[in-house]
Amino acid sequence: MLRANDEVAAALGELAELMAIAGGDSFRIRAYEKAARAVAEHALDVDTLDEHALTAIPGVGSHIAAKITELRRTGRMSELDDLRAQVPAGLRALLDVPGLGPKRARQVYDELGIASLPELLDALHQERLRGLRGWGATSEENLRRAIAETQQAGARMQLGVAFEVAEELVHELGTLTAVAQAAYAGSLRRMCETIGDIDLLVASTNSKSVMDGLATLPLIAEVRASGHTKAVAVTTKGVRVDLRVVVPEVWGAALAYFTGSKAHNVHLRRIAQRRGLKLSEYGLTSEDNARVVASTTEEEIYAALDMAWVPPTLREDHGEIEAAAEGTLPRLIELKDLHGDLHTHTTLTDGLASLEEMVQAAKARGYRYLGVTDHAPLLYMERMTKEKMLAQREELRALEKRHRGLALLHGSELNIQPDGSLDWDDETLGGFDLLVASVHSHFSMDPEEMTTRLIRAIEHPAVNVIGHPTARSIGHRPPIEFDTRAVFQAAARAGTALEINSFPDRLDLNDELARVAQDLGVVFSIATDAHSVRHLDNIRYGVATAQRGWISPDRVINTWSLPKLHAFLSKGRRLRSHRRAAVKSGPREPG
DNA sequence: GCCGTTTTCGGCCCGACTGTTTTCAGTCG
């Protein structure tokens with residue numbers, strides 16, 4: 001969050017957007033977009049690179065390298081400043097509305113003087129847009145709905161964003177001498193998919209000193225309210241932070257209280273009450289506060305209520321309290337259970353790291369296997385060909401020889417067509433070690449047809465995993481609609497795993513659907529869909545989502561040993577060779 | 001603006017969908 005790379009990427013991205021609104025050359029715009037993305041995902045800190053070294057980043061040439069250097073040296077990028085002067089700031093925000101691009105943003109500005117979302121809403125209300133060329137009542141209605149949906153989701157930030165800010169804030173708080181302990185709590189600690197504001201908890205015997213120190217932290221832009229134990233602040237990125245300070249003796253009680261959820265807390269308090277006790281952020285005590293039963297650790301509090309400690313990701317009052325009391329909490333999947341990643345991309349298609357870089361990164365993570373699954377030909381924009389795919393396979397086999405201890409699975413991410421068919425012919429499909437099939441187009445089909453579409457892909461003998469099964473994009477695109485029960489049952493029957501995609505804007509399957517799927521006998525692949533080395537870290541969000549879905553490690557195929565995984569992945573290929581053999585030998589003679 | 005077993009110039013992400021048109025512009029993945 002604090003990386004110089006993010007700041008540079010933000011500046012380049014803004015430059016690209018402003019250029020698009022101003023009507024700049026589309027190839028030039030795309031060059032800036034590409035560079036922004038490459039810088040954001042680049043493994044090295046741009047502050048450690050000189051202008052020449054910057055051009056080693058793919059998509060960064062001499063011009064952009066110079067602009068990056070200018071920004072890092074002076075804090076400004078002159079071309080960006082010029083464009084900011086030309087294009088009203090509010091206009092850029094309009095691009096966040098799905099369906100509204102730079103051309104139309106520019107059009108409403110030029111012809112109606114609209115330069116902000118509120119003004120756009122006014123114009124919609126007055127039906128002024130339908131008079132413009134290319135607009136009609138339907139486009140007005142679509143835009144109105146898109147804005148409403150965006151605003152509903154816009155108040156919360158994605159887990160990945162909140163997580164990085166919170167980790168950095170906790171680190172910064174830890175540098176204050178008055179802070180004995182610091183942690184994030186709330187929906188973030190429960191790893192919910194979106195986060196409203198960041199709840200921070202600090203243990204200290206000197207709360208005044210902590211409050212004074214808060215304003216001095218690099219990441220804090222403004223402290224809006226500050227009392228004896230509670231403060232509200234805003235980070236430099238505009239994220240709202242709630243800080244609570246408690247004495248170290250009540251750390252556990254406060255952490256449990258502020259982690260929630262509300263439903264979980266209410267349920268716990270009811271149990272305490274039945275025992276003549278009182279549970280608050282200050283501890284589990286007797287009714288009159290005279291006696292403290294437990295307060296310093298969460299474990300003590302749960303134990304005092306005769307139950308096992310409940311992992312934060314389960315605290316939604318979805319049966320975890322009963323399970324904790326009966327001693328039947330599931331053994332949840334953890335990061336260390338995973339032996340590999342089964343959905344990754346390279347520069348062969350839209351990834352930002354080469355095959356070799358991805359392999360090295362997987363090895364550095366201690367993985368035993370890595371599935372490389374670049375896009376398939378029917379995602380036309382990626383321009384995949386059979387020749388490129390086969391060349392990659394050769395390179396991969398060669399790399400495998402050089403990286404003992406890391407098995408490389410040559411795969412592909414196929415595109416599930418509207419009729420459920422896939423890329424490539426059966427023979428070519430049979431040559432892969434691993435096949436992920438995903439929906440990348442035609443998102444709004446009739447649910448019945450969508451169900452048929454998915455089940456056909458699931459039942460294809462070569463398909464091992466269905467990638468991001470609902471194809472949602474959090475805050476942007478709703479999940480595709482299908483009969484979840486029918487699809488999950490088909491997956492369980494066919495031995496096709498469903499992915500828990502770890503990308504913070506996907507988290508797909510989500511926690512609830514994963515839990516339903518597990519109950520129906522589905523197995524899962526927790527995968528990153530990494531398009532860069534850094535994306536491999538996103539696996540923690542996939543693991544957290546699986547935890548929230550009560551998924552146990554034995555149900556996740558990438559916790560399995562390589563031989564067991566191989567056996568699972570080869571199901572389709574065995575079936576096919578079986579089928580070929582049957583065709584060759586013909587029908588058996590009766591005898 | 002970037003980049004090169006097509007190249008130091010001249011390409012660069014193709015195809016579908018939508019809503020508006022009367023042959024297409026804008027947006028998206």
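Throughout, protein chains are lettered first and strands after them, A, B, ... in sequence-line order, and every chain is numbered starting at 1.
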**OP:** Taking atom C1' in both B:dC2 and B:dC13, compute the distance separating them and give it to the nearest angstrom.
**Re:** 15 Å
Original post:
When we call it a touch if two heavy atoms are under 4.0 Å apart, what does A:A391 touch: a base, just sugar-phosphate, or nothing?
Top reply: nothing
Subject >> Closest listed nucleotide, where the reference is the side chain of A:F443 and the choices are B:dG29, B:dG1, B:dT27 >> reply: B:dG29
Original post:
For the side chain of A:A31, counting heavy atoms from C-beta on, which of B:dG29, B:dC2, B:dG19 is nearest?
Top reply: B:dC2
Subject >> Rounded C1' spacing from B:dT18 to B:dT23 in Å >> reply: 15 Å
Original post:
Does A:F27 lie flat on the base of B:dC12, that is, centres under 5.5 Å apart and planes under 30° off?
Top reply: yes
Original post:
Taking the side chain of A:H442 as heavy atoms from C-beta outward, which of B:dG1, B:dA16, B:dG19 is closest to it?
Top reply: B:dA16
Subject >> Integer angstrom distance from the C1' of B:dT20 to that of B:dT27 >> reply: 14 Å
Original post:
How is A:L100 classified with respect to the nucleic acid when contacts are heavy atoms under 4.0 Å: base, sugar-phosphate, or nothing?
Top reply: sugar-phosphate
Subject >> Cationic N near anionic O, under 4.0 Å, A:R515 to A:E512 >> reply: no
Return all side-chain donor-acceptor pairs below 3.5 angstrom for residues 478-495 of chain A, not counting sequence neighbours, or 'none' if the list is empty.
{"residue": "A:D483", "atom": "OD1", "partner": "A:R485", "partner atom": "N", "Å": "3.2"}
{"residue": "A:D483", "atom": "OD1", "partner": "A:A486", "partner atom": "N", "Å": "3.1"}

Subject >> A:K67 side-chain proximity, nearest of B:dT18, B:dG1, B:dG29 >> reply: B:dG1
Original post:
Between atom CG in A:D96 and atom C1' in B:dT27, what is the gap in whole Å?
Top reply: 15 Å
**OP:** Counting heavy atoms from C-beta on, name the nucleotide in B:dT20, B:dC17, B:dC14 closest to the side chain of A:R383.
**Re:** B:dC14
**OP:** Using the P atom on both, measure B:dC9 against B:dC14 and round to a whole Å.
**Re:** 24 Å
Original post:
Between B:dT18, B:dT20, B:dT27, which nucleotide gets closest to the side-chain atoms of A:P102?
Top reply: B:dT27
**OP:** Assign A:S26 to base, sugar-phosphate, or nothing according to its heavy-atom contacts below 4.0 angstrom with the strands shown.
**Re:** nothing
Subject >> Sidechain N-carboxylate O distance under 4.0 Å for A:D537, A:R365 >> reply: yes
Original post:
In terms of the nearest nucleotide of DNA chain B, which residue is placed more toward the 5' end: A:V97 or A:P418?
Top reply: A:P418
Original post:
In terms of the nearest nucleotide of DNA chain B, which residue is placed more toward the 5' end: A:L132 or A:G99?
Top reply: A:L132
Subject >> Sidechain N-carboxylate O distance under 4.0 Å for A:D341, A:K363 >> reply: no
Subject >> B:dT7 glycosidic torsion: syn (within 90° of 0) vs anti >> reply: syn
**OP:** Quickly work out the A:R28 CZ to B:dG11 P distance and round it to whole Å.
**Re:** 20 Å
Subject >> Closest to the A:K103 side chain, choosing from B:dC2, B:dG29, B:dG26 >> reply: B:dG26
**OP:** Send over the distance from A:H440 NE2 to B:dC28 C1', rounded to a whole Å.
**Re:** 13 Å
Subject >> Geometric class of the A:H345/A:H531 ring pair [parallel <30°, tilted 30-60°, perpendicular >60°] >> reply: parallel
Subject >> Atom-pair distance (CD1 on A:I57; P on B:dG1), nearest Å >> reply: 17 Å
Subject >> Watson-Crick or G-U wobble mate for B:dT8, both contacts under 3.5 Å >> reply: none
Original post:
Phosphate oxygens OP1/OP2 of B:dT18: is one of them under 4.0 Å from a side-chain N or O of A:N142?
Top reply: no
**OP:** Nearest whole angstrom, please: distance from the P of B:dG1 to the CG of A:L12.
**Re:** 12 Å
Original post:
What is the distance from CG of A:L143 to C1' of B:dT20, rounded to the nearest Å?
Top reply: 15 Å
Original post:
Can you tell which of B:dG19, B:dC13, B:dG1 lies closest to the side chain of A:S139?
Top reply: B:dG19
Original post:
Are the charged groups of A:R128 and A:E140 less than 4.0 angstrom apart, N to O?
Top reply: no
Subject >> Touch class at under 4.0 angstrom, heavy-atom based, for A:R30 against every strand present >> reply: base
Subject >> Length of the CZ-C1' vector between A:R104 and B:dG26, whole Å >> reply: 6 Å
Original post:
On a whole-Å scale, what distance lies between the P atoms belonging to B:dT6 and B:dC12?
Top reply: 14 Å
Subject >> Interatomic distance at C1', B:dC3 relative to B:dT7, whole Å >> reply: 9 Å
**OP:** Could you check how far CZ of A:R477 sits from C1' of B:dC17, rounded to whole Å?
**Re:** 14 Å
Original post:
Below 4.0 angstrom, N of the basic side chain to O of the carboxylate: do A:E127 and A:R130 qualify?
Top reply: yes
